[in-house]
Amino acid sequence: MSKARCVLWINPEQCQLYAGALRDADIELVGAGSPDPARTGQVASDLSTEPIDDLRVAMSSTQADLLVLASPGSFGDQAQDADLDALKAAHERNLIVTTLEPIPAIVSGIAGTSFAHALSTGALDELARMTPLTRSTPMIDELCTVLETFAPVRSCAITIAAPGAMGTLGARLFDAMDLVRSLIGIPNIIDASYASPAAGRGMHPLPGQSLRDLHGEFTLNLRFSDGRCATVLLSDQVARSTISINMLSGEGHLIADNSGFKWFNPSGEVIDSYTAPETEDLSVDPSTRALIAQLIEHTTGVGPKRPPIDYPAVLSMSHASLLSTRTGQGESPRAVEQLLLSL
């Protein structure tokens with residue numbers, strides 16, 4: 001069986017990570033380009049492959065099986081029909097497109113565009129697959145099975161952090177909101193704070209309307225209409241990826257991290273547990289392991305069947321968080337969905 005062929009759209013700082021991931025996934029690299037045209041030659045040279053100068057042309061004509069948007073640049077930042085048409089052209093050619101960053105990254109202009117229809121029908125999840133996605137890891141697969149008995153979750157604390165090469169803080173936010181929605185549901189109110197890498201040294205910026213180019217940390221307090229609550233800590237300023245989840249319910253206490261989880265009943269006895277298989281190389285960064293595994297799933301079509309991303313909900317939760325950092329008060333994802341997405 002021949003290897004899957006891949007085109008990378010990437011920044012030089014990500015080359016080493018993705019070259020290793022493609023090698024371990026047994027995927028052949030046939031071309032690479034950069035959102036900064038001046039750096040296309042550098043990434044092609046660093047990766048010893050053919051330069052790709054035009055992303056949309058690559059989507060419509062390059063002979064490949066997989067196109068990875070490790071750094072999309074301006075592509076898909078706003079809801080432009082031309083970008084969605086390029087994704088549709090790739091899909092029609094059976095070219096799988098994965099993205100490290102959310103598409104679209106700005107929601108204020110979605111109403112009235114073809115993106116609105118793609119979001120509401122769920123088509124966007126097939127056109128541009130968020131990869132890696134925390135919800136699509138084996139540990140979360142197992143955790144979701146346990147939650148059928150452990151739920152309803154009363155309170156929860158989640159931490160997700162990864163190196164900058166694995167995506168911006170906006171990517172971490174989108175990923176976390178997808179996980180929260182699947183584990184607990186959609187909150188009524190999100191009260192968020194943002195700390196830039198320059199925080200504590202005088203004036204520091206607040207996030208704008210885009211999920212792109214954000215760096216630093218988010219802290220989120222989530223309140224649900226039925227009285228439940230959750231907290232989330234996110235960062236793209238760490239050397240090694242980490243995830244930790246603490247959940248409480250009437251059935252006890254559940255603790256999860258990269259290595260697995262344990263469920264303790266109210267008396268402290270272990271009810272259920274999951275440990276990462278010994279076949280997993282725990283010396284490899286967890287996000288890199290997830291990236292390799294999910295690229296293999298995409299190119300082979302072999303893997304668990306998972307529900308698609310609920311884009312209207314997850315984007316609304318993400319942008320309610322951005323809005324809260326600017327207003328200094330809690331914001332409603334439902335209101336964001338109604339006002340900005342008009343879905």
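Residue numbers run from 1 in the order of the sequence given.
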Heavy-atom check, side chain of [X] versus side chain of [Y], under 4.5 Å:
X: P187; Y: M317; result: yes
X: Q63; Y: V30; result: no
X: L173; Y: L322; result: yes
X: T113; Y: I110; result: yes
X: I103; Y: F115; result: yes
X: T98; Y: L67; result: no
X: L69; Y: F75; result: yes

Does any N or O in the side chain of [X] come within less than 3.5 Å of the main-chain N or O of [Y], such that one atom is a donor and the other an acceptor?
X: R93; Y: M59; value: yes
X: S324; Y: A320; value: no
X: S45; Y: G41; value: no
X: Q14; Y: A165; value: yes

Item to check | From CA spacing to verdict: side-chain hydrogen bond (donor to acceptor under 3.5 Å, both in side chains), D257, S259 | outcome: CA-CA 5 Å; D257 59 23; S259 62; 2.7 Å; yes
Checklist entry - Could you go step by step and tell me if H298 and T131 meet the side chain to side chain contact (heavy atoms under 4.5 Å, CB included) rule? => result CA-CA 10 Å; H298 293 326; T131 307; 2.9 Å; yes
Salt bridge or not for [X] and [Y], using N-O below 4.0 Å?
X: E13; Y: R39; answer: yes
X: D141; Y: R135; answer: no
X: E297; Y: R306; answer: yes
X: R228; Y: D226; answer: yes

Checklist entry - With distance as the sole criterion, is a donor-acceptor pair present between the side chains of D285 and S241 under 3.5 Å? => result yes
Checklist entry - Is the gap between the ring centers of Y311 and F174 under 6.0 Å? => result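 Close enough - the centres of the two rings lie under 6.0 Å apart.
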Checklist entry - Which class fits the ring pair F264 and H253: parallel under 30°, tilted 30 to 60°, perpendicular over 60°? => result tilted
Next on the checklist: One pair to check against side-chain hydrogen bond (donor to acceptor under 3.5 Å, both in side chains): N188 and S225. What are the steps and the verdict?
Outcome noted: CA-CA 6 Å; N188 188 45; S225 58; 5.6 Å; no
Next on the checklist: Looking at every heavy atom in both I106 and H319, which two are closest together, and how far apart are they?
Outcome noted: CA-CE1, 4.0 Å
Checklist entry - How close do R172 and M166 get, heavy atom to heavy atom, and via which atoms? => result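 Taking every non-hydrogen atom into account, NH1-O, 3.1 Å.
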Next on the checklist: Using the side chain to side chain contact (heavy atoms under 4.5 Å, CB included) definition, which of the options I140, I245, V146, I255 pairs with F261?
Outcome noted: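 One option only clears the test, and that one is V146.
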